[in-house]
Amino acid sequence: MSKGKGIKVIISMIGLDGHTTGGEIVARVLRDAGFEVIYLGATQTPEMILKAAIQEDVDAIGISSHASNFNQIEYLVELLKDNGMSDVPVICGGNIPKHVAAHLKGNGIAEVFPPGSSSAQIIDYVAANARGAERKSA
(Lines give C-alpha, C1' and ligand atoms only; values in the text may rest on other atoms or scores of the structure.)
Protein backbone atom coordinates (compact mmCIF):
# COMPACT_ATOMS: atom_id res chain seq x y z
CA MET A 1 0.00 0.00 0.00
CA SER A 2 1.50 3.38 -0.94
CA LYS A 3 -1.24 5.98 -0.54
CA GLY A 4 1.05 7.99 1.67
CA LYS A 5 4.07 8.06 -0.61
CA GLY A 6 5.79 11.43 -0.30
CA ILE A 7 3.63 12.61 2.61
CA LYS A 8 5.30 13.31 5.95
CA VAL A 9 3.22 13.22 9.14
CA ILE A 10 3.94 13.94 12.81
CA ILE A 11 2.11 11.78 15.34
CA SER A 12 2.18 12.91 18.95
CA MET A 13 0.39 13.43 22.21
CA ILE A 14 0.21 16.90 23.70
CA GLY A 15 0.55 18.17 27.26
CA LEU A 16 0.27 15.64 30.06
CA ASP A 17 -1.63 13.11 27.97
CA GLY A 18 0.31 9.90 28.40
CA HIS A 19 -2.07 7.58 26.55
CA THR A 20 0.25 6.36 23.83
CA THR A 21 -1.47 3.26 22.43
CA GLY A 22 -3.75 5.08 19.96
CA GLY A 23 -0.94 7.28 18.67
CA GLU A 24 1.37 4.29 18.28
CA ILE A 25 -1.27 2.35 16.36
CA VAL A 26 -2.02 5.26 14.03
CA ALA A 27 1.70 5.82 13.48
CA ARG A 28 2.09 2.16 12.47
CA VAL A 29 -1.00 2.24 10.25
CA LEU A 30 0.22 5.33 8.41
CA ARG A 31 3.76 3.98 8.11
CA ASP A 32 2.43 0.71 6.65
CA ALA A 33 0.41 2.79 4.17
CA GLY A 34 3.59 4.43 2.89
CA PHE A 35 3.57 7.70 4.85
CA GLU A 36 6.79 8.97 6.38
CA VAL A 37 5.93 9.19 10.09
CA ILE A 38 7.75 11.21 12.71
CA TYR A 39 6.58 9.85 16.05
CA LEU A 40 7.20 12.37 18.83
CA GLY A 41 5.52 10.42 21.61
CA ALA A 42 3.90 11.76 24.77
CA THR A 43 4.20 14.97 26.80
CA GLN A 44 4.98 17.29 23.90
CA THR A 45 4.18 20.98 24.10
CA PRO A 46 2.64 22.89 21.20
CA GLU A 47 5.98 24.67 20.78
CA MET A 48 7.88 21.35 20.58
CA ILE A 49 5.50 20.02 17.95
CA LEU A 50 5.77 23.27 15.96
CA LYS A 51 9.57 23.09 16.08
CA ALA A 52 9.51 19.50 14.79
CA ALA A 53 6.98 20.44 12.09
CA ILE A 54 9.28 23.21 10.84
CA GLN A 55 12.43 21.09 11.03
CA GLU A 56 10.85 18.12 9.30
CA ASP A 57 8.75 20.18 6.85
CA VAL A 58 5.74 17.97 7.54
CA ASP A 59 2.52 17.79 5.58
CA ALA A 60 0.13 16.91 8.42
CA ILE A 61 0.08 16.59 12.21
CA GLY A 62 -1.89 13.97 14.11
CA ILE A 63 -2.58 14.41 17.81
CA SER A 64 -3.87 11.51 19.87
CA SER A 65 -5.83 12.91 22.77
CA HIS A 66 -7.58 11.31 25.70
CA ALA A 67 -7.10 14.17 28.11
CA SER A 68 -8.96 17.42 28.43
CA ASN A 69 -6.11 19.63 27.26
CA PHE A 70 -7.80 20.48 23.98
CA ASN A 71 -6.86 24.15 24.28
CA GLN A 72 -3.25 23.11 23.66
CA ILE A 73 -4.27 21.57 20.34
CA GLU A 74 -5.99 24.82 19.39
CA TYR A 75 -2.85 26.69 20.44
CA LEU A 76 -0.78 24.46 18.14
CA VAL A 77 -3.03 25.47 15.24
CA GLU A 78 -2.45 29.15 16.14
CA LEU A 79 1.31 28.62 16.26
CA LEU A 80 1.26 26.94 12.86
CA LYS A 81 -0.66 29.91 11.40
CA ASP A 82 1.74 32.38 13.02
CA ASN A 83 4.65 30.53 11.41
CA GLY A 84 3.23 30.34 7.88
CA MET A 85 2.11 26.73 8.16
CA SER A 86 -1.64 27.19 8.09
CA ASP A 87 -1.80 24.71 5.22
CA VAL A 88 -0.62 21.87 7.48
CA PRO A 89 -3.77 20.15 8.77
CA VAL A 90 -3.93 19.15 12.44
CA ILE A 91 -5.95 15.99 12.90
CA CYS A 92 -7.05 14.61 16.27
CA GLY A 93 -8.06 11.20 17.40
CA GLY A 94 -9.13 9.72 20.67
CA ASN A 95 -11.95 9.64 23.13
CA ILE A 96 -13.14 13.16 22.37
CA PRO A 97 -16.77 14.03 23.18
CA LYS A 98 -18.86 15.01 20.13
CA HIS A 99 -19.48 18.55 21.36
CA VAL A 100 -15.74 19.02 21.91
CA ALA A 101 -14.98 17.60 18.46
CA ALA A 102 -17.37 20.13 16.93
CA HIS A 103 -15.71 22.92 18.93
CA LEU A 104 -12.25 21.81 17.80
CA LYS A 105 -13.30 21.68 14.15
CA GLY A 106 -14.74 25.17 14.53
CA ASN A 107 -11.37 26.34 15.80
CA GLY A 108 -9.17 25.08 13.02
CA ILE A 109 -8.67 21.39 13.74
CA ALA A 110 -9.06 19.73 10.34
CA GLU A 111 -10.73 16.50 11.43
CA VAL A 112 -11.46 14.44 14.54
CA PHE A 113 -11.42 10.64 14.46
CA PRO A 114 -13.32 9.14 17.41
CA PRO A 115 -12.96 5.57 18.69
CA GLY A 116 -14.18 3.12 16.07
CA SER A 117 -12.70 5.06 13.16
CA SER A 118 -11.18 2.67 10.67
CA SER A 119 -7.60 2.66 9.49
CA ALA A 120 -8.87 3.20 5.94
CA GLN A 121 -10.77 6.34 7.01
CA ILE A 122 -7.64 7.81 8.60
CA ILE A 123 -5.36 6.86 5.70
CA ASP A 124 -7.76 8.20 3.07
CA TYR A 125 -8.30 11.47 4.95
CA VAL A 126 -4.60 12.16 5.46
CA ALA A 127 -3.73 11.16 1.88
CA ALA A 128 -6.38 13.52 0.49
CA ASN A 129 -5.88 16.47 2.86
CA ALA A 130 -2.18 16.67 3.74
CA ARG A 131 -0.33 19.73 2.55
CA GLY A 132 0.46 19.26 -1.12
CA ALA A 133 -1.44 15.96 -1.25
CA GLU A 134 -2.67 16.46 -4.81
CA ARG A 135 0.86 17.18 -6.03
CA LYS A 136 2.38 14.24 -4.15
CA SER A 137 -0.21 11.72 -5.33
CA ALA A 138 0.37 12.60 -9.01
Side-chain angles (χ1 to χ4, degrees):
M1 195 187 289
S2 62
K3 280 191 171 184
K5 184 177 180 184
I7 297 174
K8 194 183 286 190
V9 182
I10 283 177
I11 300 294
S12 185
M13 280 56 67
I14 201 164
L16 297 177
D17 190 344
H19 300 88
T20 60
T21 304
E24 291 169 356
I25 290 171
V26 170
R28 173 60 62 102
V29 162
L30 292 175
R31 188 170 296 137
D32 290 350
F35 293 84
E36 182 176 346
V37 176
I38 295 101
Y39 180 74
L40 298 180
T43 64
Q44 301 293 307
T45 66
E47 291 85 356
M48 294 163 78
I49 296 169
L50 171 69
K51 183 177 179 183
I54 292 169
Q55 287 176 339
E56 296 290 343
D57 192 26
V58 297
D59 303 304
I61 298 173
I63 304 293
S64 175
S65 181
H66 291 271
S68 60
N69 51 2
F70 303 115
N71 62 338
Q72 292 188 45
I73 301 169
E74 294 170 342
Y75 182 51
L76 172 61
V77 170
E78 289 178 30
L79 289 175
L80 289 166
K81 286 179 185 173
D82 292 347
N83 285 276
M85 298 182 79
S86 60
D87 57 344
V88 175
V90 175
I91 302 152
C92 293
N95 194 10
I96 302 171
K98 285 183 181 181
H99 72 282
V100 175
H103 174 82
L104 290 171
K105 289 175 77 172
N107 286 305
I109 288 28
E111 188 57 84
V112 176
F113 290 96
S117 299
S118 72
S119 298
Q121 288 173 307
I122 297 168
I123 290 166
D124 289 347
Y125 184 86
V126 176
N129 294 286
R131 177 173 63 175
E134 64 285 339
R135 178 176 34 85
K136 293 177 181 179
S137 64

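None of the values given here were measured: they were computed from a predicted structure.
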Do the side chains of V58 and V126 join up, straight or via other hydrophobic residues, at under 4.5 Å, putting them in one cluster?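 Cluster IDs for V58 and V126 differ.
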Side chain proximity check, C92 to I73, heavy atoms < 4.5 angstrom: yes
Distance col, row Q44:CD vs I61:CD1, nearest 0.5 angstrom, shows 11.5 Å
Who pairs with A52 by side chain to side chain contact (heavy atoms under 4.5 Å, CB included), at least two apart in sequence or on another chain? I10, L40
Any idea which heavy atoms bring P97 and N95 closest together, and the distance? CD-O, 3.8 Å
State, to 0.1 Å, how close A101 and I96 come at their nearest heavy-atom pair, and which atoms those are. N-CG2, 3.8 Å
Evaluate the side-chain proximity of I122 to V29: yes if any heavy-atom separation is below 4.5 Å, no if none is. no
Over all atoms of both residues, closest heavy-atom pair of L79 and N83: O-ND2, 2.8 Å
For the backbone of I63 and the side chain of S12, can you confirm whether one donor and one acceptor N or O come within less than 3.5 Å of each other? no
Considering all heavy atoms, the nearest I7-D59 contact: CA-OD2, 3.5 Å
Indicate the atoms forming the closest heavy-atom contact of P89 with R131, along with that distance. CD-N, 3.9 Å
Verify side chain to side chain contact (heavy atoms under 4.5 Å, CB included) between T20 and Y39, making sure each step is shown before the conclusion. CA-CA 11 Å; T20 60; Y39 180 74; 3.8 Å; yes
So does I123 get a backbone contact from the side chain of K3, meaning a donor-acceptor N/O pair under 3.5 Å? no
CD1-CD distance between I14 and E74, expressed to the nearest 0.5 angstrom: 10.5 Å
Can you name the closest pair of heavy atoms from A127 and F35 and give their distance?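 Heavy atoms of A127 and F35 come nearest at N-CZ, 3.8 Å.
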Nearest 0.5 Å please: distance from the CG atom of D57 over to the CE atom of M85.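 D57 CG to M85 CE: 6.0 Å, rounded to 0.5 Å.
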At what distance, to the nearest 0.5 angstrom, does OH of Y75 lie from OG1 of T45? 9.0 Å
Quick one: does T43's side chain get under 4.5 Å of M13's, heavy atoms only?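 No, too far: nothing below the 4.5 Å cut-off.
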Between OG of S119 and CG of D124, what distance do you get to the nearest 0.5 Å?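 So the OG of S119 and the CG of D124 are separated by 10.5 Å.
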Tell me the ring pair (Phe, Tyr, Trp, His ring centres under 6.0 Å) pairs involving residues 99-130, sequence neighbours left out?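 Sorted pair list: F113-Y125.
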Indicate, with yes or no, if V9 and I38 share a hydrophobic cluster defined by side-chain heavy-atom contacts under 4.5 Å among Ile, Leu, Val, Met, Phe, Trp and Tyr.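 No, I38 does not connect to V9 through the hydrophobic network.
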Answer with yes or no whether the hydrophobic clustering places I91 together with L80; edges join I, L, V, M, F, W, Y residues whose side-chain heavy atoms lie under 4.5 Å apart. no
Quick one: salt bridge (charged side-chain N to carboxylate O under 4.0 Å, His left out) pairs with a partner in residues 96-113, sequence neighbours left out?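 Only K105-E111 qualify under salt bridge (charged side-chain N to carboxylate O under 4.0 Å, His left out).
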From D32 CG over to S2 OG, what is the distance, rounded to the nearest 0.5 angstrom? 12.5 Å
